[in-house]
Every structure is written in C-alpha cells, then in structure tokens.
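Just so we're on the same page: letters track the sequence lines, and every chain starts at 1. Only a predicted model underlies this, so the values are computations on that prediction, with no experimental measurement involved.
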Amino acid sequence: MPITLAVDFGSTYTKVVAIDCDDELLVGVAQSPTTVGEGVMIGLERALARLEAASGVKRGDITRSVASSSAAGGLRMVAIGLVPDLTAEAARRAALGAGAKVLRAFAYELSRRDLDQLARLAPDMILLSGGTDGGERKTLIRNASALAAARLQAPIVVAGNRAAEDEVEAILSQAGLDCTIVENVLPELDRLNVEPARAAIRSIFMNRITHAKGLDQAEAFVGRIVMPTPMAVLEAARLLAAGDSGAGMGDLVVVDVGGATTDVHSIGSGAPSTPGLVPRGLPEPFAKRTVEGDLGIRVNAPTIVETAGIARVVSGLGERMNADQILARVRQLAVEVDRVPREETEHDLDAVLAGLAVDTALERHAGQVTTSYTPMGPVQLLHGKDLSTVATVIGTGGVFAYGRHPRRMLQAACYRPESPASLRPRDPALLIDRRYILFAVGLLAQIAPRAAANVMRRHLTKAEDVCDVV
Amino acid sequence: MSSKGTLVLGVIGADIHNIGITILASALRASGFNVVSLGILVSQEEFVKAAIETAADAILVSSLCGHGELDCPGLREKCTEAGIGNILLYVGGNVVVGKQDWEPVAGKFAAMGYDRAYPPGATPQRVIEDLTADLSARVEARA
Ligand code: B12
C-alpha cells in the first residue's frame with residue numbers, strides 16, 4: 001500500500017505518522033527523541049524503526065513524505081512596527097500565524113539599545129512593518145536604514161507602507177541583506193492582511209532557515225521541511241473548520257499544551273455573538289494563534305503554579321499533596337523535562353497543571369468585554385475575538401495523548417462564571433487528539449486535504465469517552 | 001498620493017451619535033480626501049495612534065452629546081507628545097450643552113488647541129472648503 005509519511009522534528013520528539021491516502025486510513029504512529037546534535041536523521045531512523053515494528057510500514061511502502069520542524073529552537077522571529085498596538089501588533093500576529101516564536105515586538109524608531117538587543121536575540125528572521133498604505137513612511141525607512149547599518153544576518157520580510165517599499169528594498173539590498181517585499185500587514189487601519197507575510201515567512205523558513213539550522217540532512221529523505229510545527233497545527237485547525245470541500249466543523253479552537261509553552265489557535269471571525277457588543281481595536285485574524293511562553297507542564301510547571309496560585313493546585317489534587325510537596329515536585333518537573341508520569345498522583349498533577357495552563361491560555365486568547373458608561377447607559381466593548389458560540393474545542397499535545405484525564409483538562413478551556421468578561425466557548429464539544437496526529441493533518445492539508453480531514457475526523461475522540469482510561 | 005489629504009475622523013468619548021460623521025465621511029471622500037473613520041466611542045489615544053500610523057493631515061473630532069468640554073481637552077497635548085503636534089485639529093457637532101452663544105464656545109476650543117470649532121449644523125460643504133484652504137496654506141508655508 002502506498003504510504004504518505006508526515007514527520008515532525010519536534011523540540012523533544014521526532015514523530016512520524018503513516019497515512020494511506022487512497023483508503024483514508026491511519027496506518028501507524030511512532031516517535032523517538034529528536035537528535036539535533038548528532039544529526040536529525042538518527043532520531044528519524046529510530047522513529048521509523050519503531051513504526052515498522054508496530055505497524056509493519058517498510059521504507060519501500062513510503063511513496064511521499066512531508067515534514068515540519070520546531071527543533072533547534074523553532075523559528076525565532078522579531079517583529080517591528082510603528083505604533084505598538086497597530087502595525088507592531090499586526091506584524092506580531094502575522095509572525096505568530098506563521099508558527100514563529102516572537103522574541104520581541106519593537107515599535108517606533110529603533111534605538112541603539114533596540115539594535116543591540118536585536119543583535120543579542122539573533123533572530124532567524126525579521127518581519128519589518130510600519131505605516132498603513134500611503135501613511136507614515138519615515139519610520140519604516142529609518143528602521144530599514146538602521147537594520148542595514150547593523151548588518152544583521154537574518155532575512156528580512158518587509159510588509160509595511162507600500163509607498164515606502166521601493167526605498168526600503170533599495171536600502172536593504174544595497175547593504176547586501178536578504179529581503180523580501182510583500183503586501184502590508186495593515187494596509188488600512190481597519191484591515192489586517194497577514195496572509196502575504198505568512199506565506200513569505202514560510203517560504204524563507206523552508207528554503208533557508210532549515211538549512212541554517214542543520215536540518216537539511218533530512219531533506220534527502222523527507223524532501224523540504226515545509227513549515228514550522230505550530231503552523232502545521234494552525235493549518236490543521238483551518239482544514240477541520242472549513243472541511244475539505246465545504247461542510248467542515250465550523251468555528252473551532254485548538255489548545256496545544258507542551259512542556260514549555262501552550263498555544264491556542266482559533267478559527268472564526270470572532271464577531272460579537274450578542275447585539276450591542278461594540279468591537280474595539282485592531283481587526284482580528286480569522287485564523288489566530290497565540291503562544292503563552294510562560295505556560296508549559298514541564299519547563300514552566302513552576303510558573304503555572306505561580307500564575308494560578310498554589311491554592312488551586314492543592315484543591316485540584318483533592319488535597320492529596322500539600323503545598324510544599326507540590327512545589328518540590330514542580331521544580332523537579334522543570335528539570336526532568338521528558339518525565340513520563342508513573343503513578344496516579346503524577347498523572348493527577350499533570351492533569352491539574354495542564355488544566356490551569358489551558359484555563360490561563362484561553363483567558364488570554366479569548367476576547368474581553370469592558371463596559372463604558374455613557375449618558376444613555378452602559379455600552380459593552382469587545383476587545384479581541386468573541387468565542388462564546390464556538391462549537392468545538394480540540395486538545396492536542398503529549399498530555400492529551402498519554403494523560404489520564406483529558407476531559408478535565410480540556411473543560412478548563414470553557415467559559416467560567418467567575419470570569420464573565422472573558423468570552424470563552426460556552427458549550428463546545430470537547431475532542432481529543434488521542435493519536436497525536438493533528439500536525440500531520442496540517443502537513444497533508446495542501447497535498448491530500450480530503451484524506452487528511454477524514455482521517456482526523458475519525459480519530460478525534462470525544463473527551464467523555466477517554467475520561468477514565470488507565 | 002493623489003488624495004487631497006488624509007483625515008482621521010471619529011466621535012469622541014462615550015458618544016454614539018454616528019449619523020453626522022457617516023454623512024461627513026462620505027462627503028469628504030467624494031471630494032477627494034482619504035478618510036480614516038474610527039466610528040463612535042473613540043478615545044483620544046485612538047485618534048492619536050491612528051493619525052501617526054496613517055500620517056494624517058488632520059484629525060476631525062465629532063462630539064454630539066454635549067460632553068465636548070470634558071472629552072476634548074488634552075488632545076492637542078497628546079499629539080504634541082506623540083510627535084504630531086502640528087496636525088490640524090477640527091471639532092464639530094453639538095460640542096457643548098444646550099444652545100449657547102457661539103463666540104465664547106469657539107474661544108474655549110481654540111484655547112484647547114483646536115484650529116477650528118464648528119457650531120451645530122455645520123455643512124459638509126463648509127468643512128471641505130476650510131480643509132482645502134487650511135491644507136493648501138500649509139503646503140505653501142512648507143514650500
Ligand atoms: C438622532 C439623535 C440621537 C440618536 C442617535 C442615533 C445614531 N445612531 O446616531 C439616539 C436616539 C441614540 C440619541 C441618543 C442620545 N442623544 Co441624541 N440626538 C439625536 C438628534 C435628534 C439628531 C442627531 C443627528 O444625527 N443629526 C443629523 C446629523 C447629520 O447632523 P449632526 O450630527 O449635527 O452632524 C452634522 C454637523 O454637525 C457636522 N458635524 C458633526 N460632527 C462634526 C465634526 C467636525 C469636526 C465637523 C467639522 C463637523 C461635524 O457634520 C454633520 C453633517 O452635516 C440630535 C438633535 C439634533 N437635531 O442635532 C440629538 C442630540 C444630539 N442628542 C442629545 C442627547 C442629550 C442624547 C442622549 C444623551 C439622550 C439621553 N439622555 O438618552 C443620548 C446620548 C447617547 C450617547 N451615548 O451618545 C442632545 C445633545 C445635547 C447637547 N449637546 O447639549 C441633542 C442635541 C438633542 C437635544 N437637543 O437635546 N440621539
């Protein structure tokens with residue numbers, strides 16, 4: 001049988017997913033630790049050996065492969081704009097949507113200190129914006145000159161004021177910098193346009209960054225590494241929402257809980273679900289990704305406890321561990337990042353930590369309502385996306401694949417009466433990516449959307465059905 | 001740019017009267033201005049940020065519900081602070097409570113740093129003429 005292989009060179013594990021696209025079957029899944037130092041092929045070979053042992057998939061069966069990567073630090077980017085909550089924020093959102101880790105967003109004219117910090121951060125790529133089309137152009141041009149003078153090596157994607165792009169291109173290319181000019185991320189104040197920047201980031205990632213990170217030795221086997229892992233997850237969310245030929249699942253949210261970060265992806269306009277709610281601020285991306293760099297159940301386990309408060313962890317565990325025991329355990333988890341839970345309390349602690357990460361991440365991702373008092377009475381303002389009517393929430397990541405209490409963890413994504421201003425999904429279906437194949441679906445979205453969507457739909461498990469797996 | 005200038009327009013403060021600016025915006029667009037309309041319930045900060053990002057030539061503040069004396073002071077200072085202190089500022093609508101003598105009212109808004117203040121019922125035609133004159137005077141002054 002002809003097998004399509006999806007590979008993810010993750011920060012911790014290299015995962016392989018074998019799909020028979022003709023019969024729309026998931027044939028097998030395997031993983032092995034990622035080997036950056038010794039070369040990523042070693043980890044991939046081991047994962048493939050496991051795949052063969054478990055599912056009988058031989059090398060010769062694989063007719064095509066497609067890969068994503070977040071190894072060697074992932075795609076590390078810096079966004080630059082003019083006003084912090086306008087073009088700088090638009091650029092940040094575009095980079096996040098491309099699956100990048102946004103190290104920092106700079107606004108206004110880059111100072112000497114900003115440039116020093118930029119050099120220290122040593123991003124893989126820079127997204128430079130500023131000004132709406134026909135709007136402010138001086139800052140963008142000055143920032144381009146500053147970057148040219150600083151001679152940073154990173155490729156630069158320019159997505160700013162069209163009226164300045166020729167000049168910016170001349171400045172950057174004369175300095176010998178690698179620059180790509182695309183449409184403005186914010187052509188008009190009320191129109192966000194992240195797709196062209198996203199596409200450019202992806203193409204540079206594919207053609208240059210993976211090479212720079214030494215991931216290209218795998219290319220003889222898997223072909224080009226086509227996108228960063230988080231972008232694959234966002235693409236999967238998009239495919240499931242839209243369906244392969246219409247009739248998809250509609251608006252949905254994906255929560256991806258990792259060891260160091262928690263990502264939230266929402267697909268949908270996020271328009272107000274109740275009349276009288278007035279949207280404020282920058283327009284929202286239809287496919288939106290946010291990353292919480294302080295929420296993860298291993299490296300950042302102590303931060304989760306700090307953010308949520310120890311009391312919620314103690315009560316979440318039914319008082320089976322006291323505060324000191326919990327603190328000692330989470331500190332241990334922060335260093336033992338590949339720790340797999342061995343007994344009941346460890347599973348429970350993972351579930352509590354993941355639940356708190358999901359709760360906080362959704363609180364930050366979802367829109368907030370504030371009230372403004374006018375002579376006519378109160379007016380409700382919406383900042384961000386209204387997710388109240390989202391029909392589906394999907395949980396992905398190791399803890400959802402191997403953990404014992406996926407329903408409890410995912411339930412934390414929903415609306416909470418204690419926090420009524422946060423417009424989180426009120427009554428969604430909760431689905432779990434138990435086989436850990438969501439990234440693969442995103443990778444296949446371009447080449448075999450129908451098979452990808454059907455395989456995923458069949459392998460998403462209702463949370464209540466996995467509630468007490470042992 | 002072939003436009004006669006970029007204008008940021010909005011209804012300030014806790015004011016929801018949007019009919020006036022809707023009419024004004026379409027008249028200004030029809031006469032060749034690039035209009036960035038921020039709608040209703042606009043804060044001073046939003047006016048300033050929008051003006052920076054779009055390199056606006058003027059900010060047009062509409063205030064209907066009579067709170068102009070509370071909502072309008074400080075905008076000029078915020079513009080100055082943000083590096084666009086020379087931007088043209090207009091205000092109009094029903095800027096004060098009830099019917100008052102216009103001269104003293106105009107004086108108050110001039111003191112707040114508004115280049116022009118309009119009494120109730122100002123026609124779009126008049127606004128267009130004033131803007132055209134004020135903006136071309138600035139171009140000449142710069143030349
Ligand atoms: C329609 C209306 C409403 C509607 C608004 C509907 C909507 N979506 O806009 C509703 C019923 C919601 C409403 C509510 C209220 N309203 Co009312 N409303 C009016 C009314 C009858 C007409 C306003 C209008 O649309 N005119 C038509 C447009 C085309 O004209 P315009 O707004 O004046 O704009 C023109 C010019 O002034 C100029 N212009 C406007 N802005 C600017 C800015 C610049 C820079 C320039 C150059 C020109 C310019 O250009 C426009 C085109 O020619 C006026 C009375 C009146 N006749 O003005 C009261 C009036 C404005 N409302 C008033 C009040 C008090 C209220 C309420 C507080 C009532 C209450 N207690 O509930 C609320 C406030 C709500 C809020 N949070 O803002 C008072 C304000 C009193 C004051 N200033 O002293 C008025 C004057 C009625 C009155 N005589 O008492 N209102």
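A distance of 12.0 Å separates OG1 in B:Thr6 from CD in A:Glu136, rounded to the nearest 0.5 Å. The OG1 atom of B:Thr54 sits 10.0 Å away from the CG atom of A:Asn161 when rounded to the nearest 0.5 Å.
The backbone N or O of A:Gly131 sits less than 3.5 Å from a side-chain atom of B:Glu53, completing a donor-acceptor pair.
Within 6.0 Å of the CD atom in A:Glu183, the count of heavy atoms belonging to other residues, nucleotides or ligands does not exceed 12. Atom CZ of A:Arg364 has more than 12 neighbouring heavy atoms from other residues, nucleotides or ligands inside a 6.0 Å radius. Surrounding CD of B:Glu77 are more than 12 heavy atoms belonging to other residues, nucleotides or ligands, all under 6.0 Å away.
Checked against side-chain hydrogen bond (donor to acceptor under 3.5 Å, both in side chains), A:Gln368 has no partners two or more places apart in sequence or in another chain. Residues satisfying the side-chain hydrogen bond (donor to acceptor under 3.5 Å, both in side chains) criterion with B:Ser136, sequence neighbours excluded, are absent altogether. A search for side-chain hydrogen bond (donor to acceptor under 3.5 Å, both in side chains) contacts involving A:Gln380 returns A:Thr371, not counting sequence neighbours.
Heavy-atom distances place both the backbone and the side chain of B:Leu38 under 4.5 Å from chain A. Heavy atoms closer than 4.5 Å to chain B are found nowhere in A:Arg137, neither backbone nor side chain.
Of residues 78-87 of chain A, those residues lying under 4.5 Å from chain B by any heavy-atom pair are A:Leu82, A:Val83, A:Asp85, A:Leu86, A:Thr87.
In this structure, A:Gly135 and B:Ala55 approach most closely via the heavy-atom pair C-CB, 3.4 Å. Across A:Leu189 and B:Val36, no two heavy atoms sit closer than the pair CD2-CG1, 3.6 Å.
Chosen from B:Gly13, B:Ala50, B:Cys65, B:Gly83, the residue pairing most often with chain A at heavy-atom distances under 4.5 Å is B:Ala50.
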